[in-house]
Amino acid sequence: MPELPEVETVRRQLATRLPGLTISALRICDLKVSAQDQNELAALVVGRRVCALRRRGKYLIVDCEASLLIVHLRMTGQLLFKPEDEPRRPRYVIEFGPETSLFFYDVRRFGTLTGLPAAGEAAYFSALGPEPFSAEFSARRLRDELAGRRAPLKSILLDQRRLAGVGNIYADEALFRARLHPLRMGGSVGPREAQRLHAAILETLQAGIDHEGSSIESFVDPAGERGSFQEILNVYQRTGEPCRVCGTVVQRIKLGGRGTHFCPRCQPRRGGIAPTARHMRAVSRPPRTRQPPSFAPPQ
DNA sequence: AGTGGCTCCTGGCGGC
DNA sequence: TGCCGCCAGGAGCCAC
C-alpha cells in the first residue's frame, strides 16, 4: 500500500533519470485511469520537458514546463522503467524518447493519472492537509487538530485533509511508537501525548523512507526493487505475534473499515473508546497470510 | 459539522 | 477439484 515513504522512494528514483527528458508520448491503455480525455492529457504534457519530480502527500508530481502530471498509486500501482511479460499489461505508458519509458501497472485498478496546467496545482491540492515534514506540521498544529475531536486517533491520522501522506501501515506503526491506543479520542490526548505522537509520526515515516518503503503486497520501486520496512514492523499485520517490546500478543480490530493493529499493553486504552462487539469479532479472526506477489522484478 | 459506511477493483484464500 | 463469497484498502461520495 503505497503511502508517503513508498511514493517518496519512487520519486527519488525517478528524479535521478527523468529531469531534462522530454515526454514524447503518453499512451493510455485503460481509460478508467483518468477522468480526463486522453487527448486532453497528452496535449498538456507531450513535447514538454520534465523539470522536476515532486511529491505531495501520497501524490507523485511530474513537473513539466507549465504543466503537471499527477500520479496516485492507490493500492497496487507500480511505476516501472521496464515492461513486464504478458499477461500483465500496463494501464498507461509515459514515453521519454526512444530510450526511456515509464510503465504503470496496477492490479486493482484504483490508481489515477491527472494532467493539469501548473496554475491548477494549488486548487487541486487545496483540501490536502500539511506535509508531515514541513514546518507547517508542528506538534502544536497536531494538538490543535486533535482538540475537541471525538473521532479515534487512527481515523484522524488517516484523514488526508488533516495530514497528508499517512496511510494504514504508518498510522498503526506511529500510534504504537507513541504508545497511544488507536481508539483513543482525539480530544482526550494531552499536550505531552500530542508531542509524542508528532515525533512518532515523523520518526515512523522517516524510517519507512530510510528502508525504501514497505513491500507488503506489491510495492516495488521503478527498478523493481522491494523495500524492507515490512521486516521491522512492530504491529502492522503482526496479529497474534508477540509485541517486540513487551511480548504481549498483538491484537487486531477493525476501525473505519481498516484493519488496525496494536499492542494492548504498550498502547493502553485509557481515555479511549471501548471496542464494540464488532471490533472484538475482528480481534478473534487473524488476517489471512498473503503469498508474496508472483511478480519477478525485471533483470 | 462530524462521522461512519459504501463503492470501486482484483487475486488469493477458506469453506463447502 | 471446483466454485462461491469474503477480504484487503485510498479516496470520493453519501447518509445520518
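What you see is a predicted model, and the numbers here were worked out from it, not measured in a lab. Lettering follows sequence order; numbering is per chain, from 1.
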- Query: Which residues pass the side chain to side chain donor-acceptor pair (under 3.5 Å) test with Thr260(A), sequence neighbours left out?
  - Reply: Lys154(A)

- Message: For a side-chain hydrogen bond (donor to acceptor under 3.5 Å, both in side chains) check, start with the C-alpha distance between Arg177(A) and Thr204(A), then their side-chain angles and the critical distance, and finish with the verdict.
- Response: CA-CA 8 Å; Arg177(A) 198 178 277 249; Thr204(A) 306; 3.3 Å; yes

- Rounded to whole angstrom units, what separation is found between the CZ atom of Arg108(A) and the P atom of dC9(B)? 13 Å

- Does a side-chain N or O from Lys58(A) land closer than 4.0 Å to OP1 or OP2 of dG10(C), or not? no

- Heavy atom of residues 159-174 of chain A under 4.0 Å from DNA chain C: which residues? Gln160(A), Asn168(A)

- Note on the structure: Rounded to whole Å, the CZ-P distance (Phe110(A) to dA8(C)) equals 13 Å

- Arg74(A) CZ to dT10(B) C1': how many Å, rounded? 15 Å

- Note on the structure: The correct set of residues in residues 117-134 of chain A placing a heavy atom under 4.0 Å from DNA chain B is none

- Whole angstrom value for the distance that separates P of dG2(B) from CD of Glu145(A): 10 Å

- May I ask you to verify if any side-chain N or O of His72(A) is less than 4.0 angstrom from the OP1 or OP2 atom of dA11(C)? yes

- Bracket notation of DNA chain C in which parentheses pair within the strand, [ ] cross earlier pairs, and | pairs with another strand (Watson-Crick or G-U, under 3.5 Å): .|||||||||||||||

- Message: Please check this pair: side chain of Asp172(A) against backbone of His261(A), looking for a donor-acceptor N/O pair closer than 3.5 Å.
- Response: yes

- Could I get the full list of side chain to side chain donor-acceptor pair (under 3.5 Å) partners for Glu121(A), not counting sequence neighbours? Arg54(A)

- Is Gln195(A) atom CD crowded by more than 12 heavy atoms from other residues, nucleotides or ligands, each under 6.0 Å away? no

- dG5(B) P sits how many Å from Lys254(A) NZ, rounded? 11 Å

- Task: Tell me whether the centres of the aromatic rings in Tyr170(A) and Tyr236(A) are closer together than 6.0 Å.
- Result: no

- Is the ring centre of Phe137(A) less than 6.0 Å from the ring centre of His198(A)? yes

- In whole angstroms, how far is the P atom of dT7(B) from the NZ atom of Lys32(A)? 15 Å

- Item | Under 3.5 Å donor-acceptor, Glu3(A) side chain and Val166(A) backbone | no

- Could you tell me which residues satisfy salt bridge (Lys or Arg N to Asp or Glu O under 4.0 Å) with Arg192(A), sequence neighbours excluded, listed by chain and number? none

- Task: Ignoring backbone atoms, establish whether Tyr105(A) has a side-chain N or O less than 4.0 Å from OP1 or OP2 of dT10(B).
- Result: no

- Under 6.0 Å from the six-membered ring centre of Tyr105(A) and within 45° of its axis: does the NZ or CZ of Arg89(A) meet both? no

- Query: Relative to the 5' end of DNA chain B, which residue comes earlier, Val107(A) or Ile156(A), by the nucleotide with the nearest heavy atom?
  - Reply: Ile156(A)

- Query: Quick one: on DNA chain B, does Arg258(A) or Arg149(A) contact a more 5' nucleotide (nearest heavy atom)?
  - Reply: Arg149(A)

